[in-house]
Q: 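Got a structure for you, questions after.
Residue numbers start at 1 and run along the sequence shown.
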Amino acid sequence: EFSAFEREGLDYTEMIAGLPGLAQALAGADADPTFCFDALLSHSRPDVAVEIVDRSKRVVSWVGNRGPLIGADRLTAGPSSFAIDDPIYSYLVTAVPVRTETTLVGYVVGKRLLEVNYPLNNRFINNSAFASTFSSRLATPPRFDFSSDATASTDPAVQSIGLHVAQGS
């Protein structure tokens, strides 16, 4: 199930990165934010926040809840996936480079909620935003460990799952 969740995020991010005209909009001296916003708005999904980042690794446009900031060092020459864990939310992030025929001109970054780590009990909060989290798909609540020293569990009752996208960690 997790591999499918991760693959869905990567497929969507790759689709945005491959939109006609996006590489050209990012290739100029200054990226065209109007084109980038229009492209994102016309392909937005409620369960994924997406950012378009220029070659200088600055956010040019976005759609959805931006979530945590992604460090420039996480944007690499190839597709990658990684998790960001903060005290309230955990996100699965997929990042895909955008290229012209010869040059890397930017990135598309997709962020999907994995888990909400805060007990929300407020009738004014809309739960539909949390319905698409990975953990909402499971009968048993998962436990996430995104620490740099995380290892596979030796407990036979525990299933450890790693990220599988190229260069993911």
Q: Using the side chain to side chain contact (heavy atoms under 4.5 Å, CB included) criterion, which residues pair with T102? Sequence neighbours excluded.
A: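 Checked T102 against side chain to side chain contact (heavy atoms under 4.5 Å, CB included); matches are T100.
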Q: With hydrophobic residues grouped by side-chain heavy-atom distances under 4.5 Å, do V48 and F5 end up in a single group?
A: no
Q: Can you find a pair of side-chain heavy atoms, one from I70 and one from K111, that are under 4.5 Å apart?
A: yes
Q: Let me check something: do L92 and V50 share a hydrophobic cluster, defined by ILVMFWY side-chain heavy atoms less than 4.5 Å apart, either directly or through other members?
A: no
Q: Among residues at least two apart in sequence or on other chains, which ones pass salt bridge (charged side-chain N to carboxylate O under 4.0 Å, His left out) with D54?
A: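 Applying salt bridge (charged side-chain N to carboxylate O under 4.0 Å, His left out) to D54 gives R58.
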Q: With sequence neighbours left out, what residues match R99 under side chain to side chain contact (heavy atoms under 4.5 Å, CB included)?
A: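 Only A77, P97, L104 meet the side chain to side chain contact (heavy atoms under 4.5 Å, CB included) criterion with R99.
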Q: Show me the pairs that pass ring-ring contact (aromatic ring centres under 6.0 Å, His included) and involve residues 34-60, at least two apart or across chains.
A: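 Non-adjacent pairs meeting ring-ring contact (aromatic ring centres under 6.0 Å, His included): F37-W62.
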Q: Does L41 CG have over 12 foreign heavy atoms under 6.0 Å away?
A: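 Count over threshold, so yes.
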Q: Should Y12 and L40 be regarded as members of a common hydrophobic cluster, given that ILVMFWY residues are connected when their side-chain heavy atoms come within less than 4.5 Å of each other, either directly or indirectly?
A: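 Hydrophobic grouping puts Y12 with L40.
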Q: Do Y107 and V93 sit in one hydrophobic cluster, given that two such residues count as connected whenever their side-chain heavy atoms are within less than 4.5 Å of each other, even indirectly?
A: yes
Q: Can you sort out the partners of S42 under side chain to side chain contact (heavy atoms under 4.5 Å, CB included), two or more places apart, ordered by chain and number?
A: none
Q: Are V108 and V59 linked, directly or through intermediate hydrophobic residues, by side-chain heavy-atom contacts shorter than 4.5 Å (ILVMFWY only)?
A: no
Q: Roughly how far, to the nearest 0.5 Å, is the CD atom of E8 from the OG atom of S3?
A: 11.0 Å
Q: Looking only at heavy atoms, which two atoms of P33 and V60 are closest? And how far apart?
A: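 Smallest interatomic distance, heavy atoms only, reads CA-CG1, 3.7 Å.
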Q: Looking at side-chain heavy atoms only, is the closest gap between R74 and V109 below 4.5 Å?
A: no
Q: Could you tabulate the donor-acceptor pairs under 3.5 Å formed by side-chain atoms of residues 13-26, not counting sequence neighbours?
A:
from: T13; atom 1: OG1; to: G9; atom 2: O; distance (Å): 2.8
from: T13; atom 1: OG1; to: T94; atom 2: OG1; distance (Å): 2.7

